[in-house]
Amino acid sequence: MTSPLQNDRYTSSATGPRSDDAVVARVRNLQKSFGDVDVLRDVNLDLYASENLVILGRSGTGKSVLIKCMVGLIKPDAGSINILGYDVLKLSQDELNELRLQVGFSFQGSALYDSMTVRQNLEFPLKRNLGIYDPAELNERVVRALEDVGLESAIDKMPSELSGGMKKRVGIARTLILNPKIMLYDEPTAGLDPITSIEINELIVKVRDKYKTASIIITHDISSARHTADRVIALVGGYNKLEGTFDEIKQTTDPELEPFFNY
Amino acid sequence: MKIRTFLLRIADIYRFVARAVRETVMPPYEWKETLHQCFVVGNRSLFLITFTSFLAGIVFTRQSRPSLASFGAESWLPSLVSQAVVRSLGPLITGLICAGKLGSNIGAELGSMRVSEQIDAMEVSGTRPFSYLVVSRITATTLMLPLLVVYADVMALLGSYFTVNVINHSSFMLYFNEVAVSVTYVDIFSSIIKAAFFGFAIGIVGCYAGFHAERGTTGVGRAANAAVVASMILIFILDLLSLQFINLFRR
């Protein structure tokens, strides 16, 4: 477990020996304010290949802002973000789009295109990004992606016909279909019942094991963090205050974080 | 602070328009989606335009006829109606109907996509949502409005002919010969170009309002409302400006 990490000499406390070569995403001294509100004051993190990193924190602590900065949806005020060797803040729009093909983003509300069927939702990035228009190949890839999330039966349904958990899984399938190297999950279990939450957590672990993706999971759901995390970073007051395995973090006596584990 | 916000908004609109123009002329082109949007634009507005233009032709003819008859100039009716329809009535009716029908639709559609993070989802998957959603819609409204205006002109003239025929039993050939003599190429082309500008305005305003929607469902309603109001005002301003410009050619 580490103390507050607030400078560019940040070193991750990832368990076991890890080389810099294994770092797939690196964030340093990230700051972001909205008006007078400082959301991110000084956030640092390293994400290693094939690991699930959980960012834990209360609502409004900037967890989602952090991963939106990482994919260029929000521009930070200061700091640096390096993903898969790309300096995100210095990329042109075309370069950013190229990088985004390697980074999957699962939205809190699933963000399925509601005018398209599940099949069309999954075909969309294949057609637009990879230029695949062959119906047989499209069908094969879509079916395979849906099988991975256990939803092949929903292939011709509209998003409005799906439950919350099914939408999440289709959203994950839509990002997995491009074989990303990094997955970013924004509150994957928010608003779901406990059983569906467990299914989503198992899916996140399965994605790491099968696709060897590195993932950042934004959550305030302790059960989800315990189930999915290889490593946890606790975000408090715009800083990454604690870092370690779930069991290490659980021992905290920090007044901001203790209630998470002892509610 | 309000002036600063206003100026920032103007700068933002300028950037949006510049980006839309740049991405329209620069590849990759969105042919398929643009064609789809052209179909949607035409399909959504055709019935309303048919109905309102035909009725406008009837009403305008019935209202103009007594005044012309009092001068003994009833034979000028086709000439008066056709010039009014082609120069102003057709583009204006079509523009206002499309502003209401398409502007609100585009604003609400893109607005709901924005607040439900669908546009962000396209953005992070590298699928260029601006080009796919905005450029295709603006191109479609810009291309389709002139066609719809020509169609509206024809429908209004048919409405006018219908009225004249019921009252005076004049022939189709006679009526439309008069129309052909009165309407000049300047009238037709200026009307078409004006309609293209109306279409561009409707597309830009609807897309801008929708693309920048925020704060949930209220934001979607606001986007749709702003799209209609702003595009209607723009249509009247463009109509006035185009009149001043076209008059230079008529003199």
Side-chain angles (χ1 to χ4, degrees), chain A residues 34-35 64 67-74 83 88 91 93-116 121-131 133 159-160 167 170-180 182-187, chain B residues 1 4-5 8 12 15-16 18-20 22-23 26-37 39-40 43-44 105-106 108-137 210-217 219-220:
Chain A
F34 293 99
S64 300
I67 55 171
K68 284 182 177 173
C69 287
M70 291 177 74
V71 289
L73 274 181
I74 294 176
I83 295 181
V88 174
L91 295 179
Q93 192 59 45
D94 286 343
E95 289 167 333
L96 190 58
N97 284 341
E98 207 172 289
L99 170 64
R100 283 166 169 170
L101 293 182
Q102 302 178 64
V103 182
F105 195 115
S106 169
F107 284 84
Q108 187 173 351
S110 306
L112 298 182
Y113 310 134
D114 52 16
S115 59
M116 302 180 193
N121 262 277
L122 270 69
E123 284 177 350
F124 188 74
L126 291 176
K127 288 177 177 173
R128 300 273 303 167
N129 290 319
L130 305 184
Y133 288 92
S160 56
K167 282 181 187 169
V170 173
I172 292 170
R174 189 178 62 187
T175 56
L176 287 178
I177 206 162
L178 291 172
N179 294 323
I182 297 175
M183 279 291 291
L184 306 174
Y185 299 93
D186 191 2
E187 303 279 9
Chain B
M1 191 64 189
R4 187 170 178 270
T5 311
L8 284 173
D12 196 40
R15 274 199 300 270
F16 189 84
R19 187 178 174 192
R22 192 175 60 245
E23 293 202 14
M26 303 275 279
Y29 303 112
E30 302 286 344
W31 297 116
K32 204 173 166 192
E33 182 58 15
T34 302
L35 275 177
H36 171 68
Q37 289 301 328
F39 170 75
V40 170
N43 195 32
R44 272 186 195 147
N105 209 289
I106 292 172
E109 196 176 2
L110 295 193
S112 73
M113 287 185 79
R114 168 62 76 196
V115 300
S116 60
E117 296 183 311
Q118 290 176 52
I119 293 178
D120 285 346
M122 285 187 183
E123 195 84 61
V124 295
S125 60
T127 46
R128 306 184 310 277
F130 193 90
S131 172
Y132 183 75
L133 298 171
V134 174
V135 172
S136 62
R137 278 167 175 77
F211 219 70
H212 293 82
E214 49 190 17
R215 294 177 194 152
T217 47
V220 177

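Here is the naming used below: chain letters follow the sequence lines, and residue numbers restart at 1 for every chain. Values below: every heavy atom of this structure, side chains too, minus hydrogens, waters and symmetry copies. All values derive from a computational prediction rather than experimental measurement.
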Whether the side chain of A/N97 engages the backbone of B/R128 through a donor-acceptor N/O pair (distance < 3.5 Å, no angle test) should be reported.
no
Residue pair B/E123 / A/L73: nearest heavy atoms and the distance that separates them
CG-CD2, 3.7 Å
With a 4.0 Å cut-off, would you call B/E117 and A/K68 a salt bridge?
yes
Heavy-atom cut-off 4.5 Å, strictly under: side chain, backbone, both or neither for B/E30 against chain A?
side chain
Side-chain donor or acceptor of A/R128 paired with backbone N/O of B/T127 under 3.5 Å:
yes
Go through the atoms of A/L184 and report whether side chain, backbone, both or neither lie under 4.5 Å from a heavy atom of chain B.
neither
If I compare all heavy atoms of B/V124 with all of A/F107, which pair ends up nearest, and what's the gap?
CG2-CE1, 3.7 Å
Checking A/Q102 against chain B: side chain, backbone, both or neither under 4.5 Å from a heavy atom?
neither
Could you tell me which non-hydrogen atom of A/Y113 sits nearest to which non-hydrogen atom of B/Q118, and how far apart they are?
CA-OE1, 3.2 Å
Honestly, the part of A/D114 sitting under 4.5 Å from a heavy atom of chain B is both
Counting heavy atoms not belonging to A/F34, are there more than 12 under 6.0 Å from its CZ?
yes
Nearest-0.5 Å distance, OG of residue B/S125 to CD1 of residue A/I177
11.5 Å
Is A/M116 close to chain B through its backbone or its side chain, or both, or neither, when contacts mean heavy atoms under 4.5 Å?
side chain
Do you know which of A/L101, A/V71, A/D94, A/L112 has the most heavy-atom pairs under 4.5 Å to chain B?
A/L112
Nearest 0.5 Å, please: how far is CZ in B/R19 from CD in A/Q93?
6.0 Å
